[in-house]
Participant: 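Supplied in structure tokens, the structure appears directly below.
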Amino acid sequence: MNLRPLHDRVIVKRLEQETKTASGIFIPDAAAEKPDQGEVLAVGNGKRNDRGDLIALNVKVGDRVLFGKYSGQTVKIDGNELLVMREEDLFAVVEK
């Protein structure tokens, strides 16, 4: 995949949601919510401030991130459903 986001945008792939609860109940696909965690696949080179200085992004490729349920724009590339969103739409980086 050769996709390069511009400015302060990131490309995120949603992580798969668990299909079974802790108590062992299976959740059908129709009832499952979209996951709000994903892996960053690509990042833009940053945003310019008022003086024209380039401010680098705080996330990097491979980071696991949290975002809102309705954040970003969904796009399909090579059969994969990806999200394009601004860095400011991300809530947090999940530390391992």
Participant: Would you mind telling me which of Leu15, Val93, Val40 makes a side-chain contact (heavy atoms from CB on, under 4.5 Å) with Arg64?
Facilitator: Leu15
Participant: Could you pull out all residues at least two apart from Asp53 that satisfy salt bridge (charged side-chain N to carboxylate O under 4.0 Å, His left out)?
Facilitator: Arg51
Participant: With the side chain counted from C-beta on, respond yes when Lys69 and Asp36 share a heavy-atom pair under 4.5 Å apart, and no when they do not.
Facilitator: no
Participant: Testing the basics here: between Pro5 and Val43, what is the closest heavy-atom pair and its distance to 0.1 Å?
Facilitator: CG-C, 3.4 Å
Participant: Is any side-chain heavy atom of Glu81 less than 4.5 Å from a side-chain heavy atom of Lys76?
Facilitator: yes
Participant: Looking only at heavy atoms, what is the nearest atom pair of Gln37 and Phe67, with distance?
Facilitator: C-CE2, 3.6 Å
Participant: How long is the span from the NZ atom in Lys13 to the CD1 atom in Ile77, to the nearest 0.5 Å?
Facilitator: 13.0 Å
Participant: Look at the side-chain heavy atoms of Ile, Leu, Val, Met, Phe, Trp and Tyr, link any pair under 4.5 Å apart, and say whether Phe91 and Val65 land in one connected group.
Facilitator: no
Participant: Do you know the tightest heavy-atom contact between Val59 and Leu90?
Facilitator: CG1-CD1, 3.9 Å
Participant: For Asp63, which residues count as a side chain to side chain donor-acceptor pair (under 3.5 Å) partner, sequence neighbours excluded?
Facilitator: Lys60
Participant: How close do Glu87 and Leu57 get, heavy atom to heavy atom, and via which atoms?
Facilitator: OE1-CD2, 3.2 Å
Participant: Distance from Leu41 atom CG to Ile11 atom CD1, nearest 0.5 Å?
Facilitator: 7.5 Å
Participant: Taking all heavy atoms of Val12 and all of Gly38, pick out the closest pair and write down the distance.
Facilitator: CG1-CA, 3.7 Å
Participant: Can you name the closest pair of heavy atoms from Ser71 and Leu83 and give their distance?
Facilitator: O-CD2, 3.8 Å
Participant: Within the 4.5 Å heavy-atom criterion, are Leu3 and Leu82 side-chain neighbours or not?
Facilitator: yes
Participant: Look up atom CG in Asn45 and atom CG in Asp8, then write down how far apart they are to the nearest 0.5 Å.
Facilitator: 10.0 Å
Participant: Please round to the nearest 0.5 Å and tell me the distance separating atom CE of Met85 and atom CZ of Arg9.
Facilitator: 12.0 Å
